[in-house]
Structures are given as C-alpha cells and as structure tokens.
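Inspection log for the structure reproduced underneath, given as structure tokens.
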Amino acid sequence: FCTDDMDDKLAAAYIERAEDHIRNFCNRDDLPEALRGTVLELAVYYFGKSGLEGATGYREGNISYSYGQGIPAEIKERLYPFVKGRVLSL
C-alpha cells in the first residue's frame, strides 16, 4: 500500500522529471511560468506510462495499443515557442 507521503514523493519525482525534460528540450536553465501546466501534463503522461518504460505498445485480444517514446508531439508543439537557440562556434 502507499501512504500519502509516498504519493507526494512519487508525484514530485514525476514533476521533476517533466521539468528536466522540458528544460532540456527547450535548451533552458529556467522554466517559464507559462509552462507550469505543460509540466503537469507531461508528469501525468509519464505517470500513465509508469511500468511501461521501453515498451512501444501492447495487445489485448484483437485490439493493439501503441505509444511513442519521449515527449508526445502535442506537448512538443506547446514547447517550440520557448526553445532557445544554440550558438555554434566555428
């Protein structure tokens, strides 16, 4: 069984993972306030996939389910305006 403290720690871990992935994707050290909802959405997505790491799908009877890896495309669309460019040196 899980305690409230365990649930809080699990939620915090998924939120931290989502924040890290968003900062990395956007090439940022900060996390704009406008992305807080997106962080929560990504954390919920990761939580839903918990236990399925590395899997690309599964089948139940005649129905098959598939899912992509990494940040889902619909979340990436909301991140693009916050991406900072990278400076390449010659």
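All residue numbers refer to positions in the sequence shown, counting from 1.
Ring orientation note: the planes of Tyr14 and Phe47 are nearly perpendicular, at an angle over 60° on the 30°/60° scale.
A 6.0 Å sphere centred on CG of Asp30 holds more than 12 heavy atoms belonging to other residues, nucleotides or ligands.
In terms of heavy-atom proximity, Gly70 sits nearest to Tyr46 at O-CE2, 4.4 Å. Of all heavy-atom pairs spanning Ala18 and Ala43, the tightest one is CB-N, 3.8 Å.
With rounding to the nearest 0.5 Å, the separation of CD1 in Ile22 from CD1 in Ile75 is 7.0 Å. Asn27 contributes atom CG, which lies 15.0 Å from atom CZ of Phe82 (distance to the nearest 0.5 angstrom). Here the CG atom belonging to Leu40 is positioned 11.0 Å from the CG atom belonging to Leu35, to the nearest 0.5 angstrom. Within the model, atoms CG of Leu31 and SG of Cys26 stand 8.0 Å from one another, a figure rounded to the nearest 0.5 Å. Taken to the nearest 0.5 Å, the OG1 atom of Thr38 stands 14.5 Å off from the NZ atom of Lys76.
Note on Arg17 versus Asp20: no salt bridge recorded, every NZ/NE/NH1/NH2 to OD/OE distance being 4.0 Å or above. The pair Arg36-Glu19 counts as a salt bridge, with a side-chain nitrogen and a carboxylate oxygen less than 4.0 angstrom apart.
Leu42 and Leu10 fall within the same hydrophobic cluster, defined by Ile, Leu, Val, Met, Phe, Trp and Tyr side-chain heavy atoms under 4.5 Å apart, directly or through other members.
Here the side chain of Arg78 pairs a donor or acceptor atom with the backbone of Glu74 at under 3.5 angstrom. Side-chain atoms of Arg28 do not come within 3.5 Å of backbone N or O of Lys84 as any donor-acceptor pair.
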Assess the residue pair Ile71 and His21 against the criterion (side chain to side chain contact (heavy atoms under 4.5 Å, CB included)); give the C-alpha distance rounded to whole Å, side-chain angles, the decisive distance to 0.1 Å, and a yes or no. CA-CA 8 Å; Ile71 299 173; His21 287 184; 4.3 Å; yes
